Amino acid sequence: MDTATTGAYDGVRTAPRALATEAVHAGRDDLARQGLHAPPIDLSTTYPSYDSRAEAARIDAFATDGADPDGPPVYGRLGNPTVARFETALARLEGTESAVAFASGMAALSAVLLALPHSRPRSSGGTSMAAGLRHVVAVRPLYGCSDHLLTAGLLGTEVTWTDPAGITDALRPDTGLVMVESPANPTLAELDLRAVAHVCGPVPLLADNTFATPVLQRPAAHGARFVLHSATKYLGGHGDVLAGVVACDEEFAGRLRQIRFATGGVLHPLAGYLLLRGLSTLPVRVRAASANAAELARRLAADPRVARVHYPRIGGAMIAFEVYGDPHEVVSRVRLVTPAVSLGSVDTLIQHPASISHRIVDADDRRGAGVSDRLLRLSVGLEDVDDLWADLDQALCAAPERPVAGSAARDTAGTGTA
Ligand SMILES: *Cc1c(COP(=O)(O)O)cnc(C)c1O
């Protein structure tokens with residue numbers, strides 16, 4: 001996939017360029033003309049203007065369609081040139097017109113939910129309520145906090161959970177969004193994005209592409225209108241930036257910029273710089289970490305202490321696996337691998353989703369979505385694969401092996417996750 005050329009959107013350049021080339025050059029097209037090599041970091045919060053009539057016109061224009069103002073950004077909450085470089089580059093990689101960056105993946109998802117049109121107000125006993133709920137159809141599993149945000153209805157959404165086959169029946173006239181992840185966090189369950197986009201019809205589909213990255217999959221090409229990333233993960237790639245981004249058409253991007261302006265979930269310019277830098281090695285990192293992960297998945301699948309291994313058909317650097325023994329023991333015994341939540345960094349991390357990343361999801365809902373109490377999630381990094389295996393092997397050491405036929409398999413995890 002990394003040799004594919006990028007982008008349905010070709011408004012800026014003429015010859016399509018390969019993903020690896022875009023990863024290094026997109027968002028930097030003007031630098032040589034400016035006599036620069038590394039992109040500058042613009043830390044300005046405000047921008048001087050002696051012409052307040054022109055500034056008023058720029059603010060009016062932003063209020064109309066959320067387009068990036070011509071000229072300086074007025075104020076840091078409207079936009080930032082360094083962050084804009086990352087947005088331009090990510091849009092190129094995902095093949096969308098635009099992208100809008102936020103302070104975190106959750107801020108990005110929140111902005112999408114807030115930007116959805118309200119359904120018609122419902123009337124109750126003659127008085128009509130201020131605003132209708134926004135109806136969302138979603139497929140589990142999702143990242144734990146995304147699940148929580150929808151389930152709790154914190155942003156005035158009402159959610160119908162379903163499996164991919166049930167989407168058609170779950171859609172209502174007032175459905176504003178269908179949300180999926182593929183491969184999903186943490187089980188790595190995959191779904192056919194093209195088929196899902198087809199059944200959504202006119203209802204926009206949001207695909208969380210955090211796990212696959214545009215190196216392995218570009219959901220917009222399959223019909224997703226919104227592509228969400230926790231840029232904290234592979235896009236940043238070094239565990240030192242918290243960020244989110246939505247790749248989409250320019251019309252929706254304008255709405256997202258207006259929401260970002262009004263709610264304030266902006267990305268810091270230094271984070272924008274680090275993300276642009278992260279993108280330049282994204283294809284190389286994802287390919288190398290995926291090769292490690294594929295090999296570790298193979299060794300885990302052959303190991304008698306491991307009950308199940310989930311590794312996506314499209315590949316990637318994430319593995320989920322279930323052990324016969326106590327998963328907490330494995331987490332406590334790793335030495336080279338870091339026991340920590342999050343993923344997508346150059347180093348390998350392991351965590352127990354039922355205790356950490358998906359703790360906030362109701363236990364029955366979590367198990368119903370295939371997140372067993374025995375599941376461990378491994379984010380494979382760029383270390384030597386034999387060193388990684390040696391560490392996993394010793395961490396699994398105490399785990400019991402596959403039960404012999406006839407004896408009952410233990411089907412509950414160790415303590416502490418109830
Ligand atoms: C981490 C994650 C998020 C949330 O992103 P933050 O940057 O932590 O706010 C959303 N979706 C997926 C799939 C994630 O892994």
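Here, residue 1 is the first one in the sequence, and each next residue gets the next number. All values reported here derive from a predicted model rather than from experimental measurement. One-based numbering, in listed order, for ligands and for the atoms of each.
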Is Arg17 salt-bridged to Glu22, cutoff N-O under 4.0 Å? yes

Testing the basics here: between Val137 and Ala170, what is the closest heavy-atom pair and its distance to 0.1 Å? CG2-O, 3.6 Å

Acceptor/donor pairs from residues 233-243 side chains to any protein atom, 3.5 angstrom cut, sequence neighbours excluded:
residue: Lys233; atom: NZ; partner: Ser230; partner atom: OG; Å: 3.3
residue: His238; atom: ND1; partner: Gly236; partner atom: O; Å: 3.0

Ion pair present between Asp386 and Arg299, side-chain N to carboxylate O less than 4.0 angstrom? yes

Going by side-chain hydrogen bond (donor to acceptor under 3.5 Å, both in side chains), name the pairs with one or both residues in residues 74-85, residues two or more places apart or in two chains. Asp30-Arg85

Of all pairs that satisfy side-chain hydrogen bond (donor to acceptor under 3.5 Å, both in side chains), the ones with a partner from residues 188-202, not counting sequence neighbours: Arg194-His222

When you pair each N or O of ligand 1 with protein N or O atoms, which pairs come out under 3.5 Å?
residue: ligand 1; atom: 5 (O); partner: Ser230; partner atom: OG; Å: 2.9
residue: ligand 1; atom: 7 (O); partner: Gly105; partner atom: N; Å: 2.9
residue: ligand 1; atom: 7 (O); partner: Ser230; partner atom: OG; Å: 2.8
residue: ligand 1; atom: 7 (O); partner: Thr232; partner atom: OG1; Å: 2.6
residue: ligand 1; atom: 9 (O); partner: Gly105; partner atom: N; Å: 3.0
residue: ligand 1; atom: 9 (O); partner: Met106; partner atom: N; Å: 2.9
residue: ligand 1; atom: 11 (N); partner: Asp208; partner atom: OD2; Å: 2.7
residue: ligand 1; atom: 15 (O); partner: Asn185; partner atom: ND2; Å: 3.1
residue: ligand 1; atom: 15 (O); partner: Lys233; partner atom: NZ; Å: 2.8

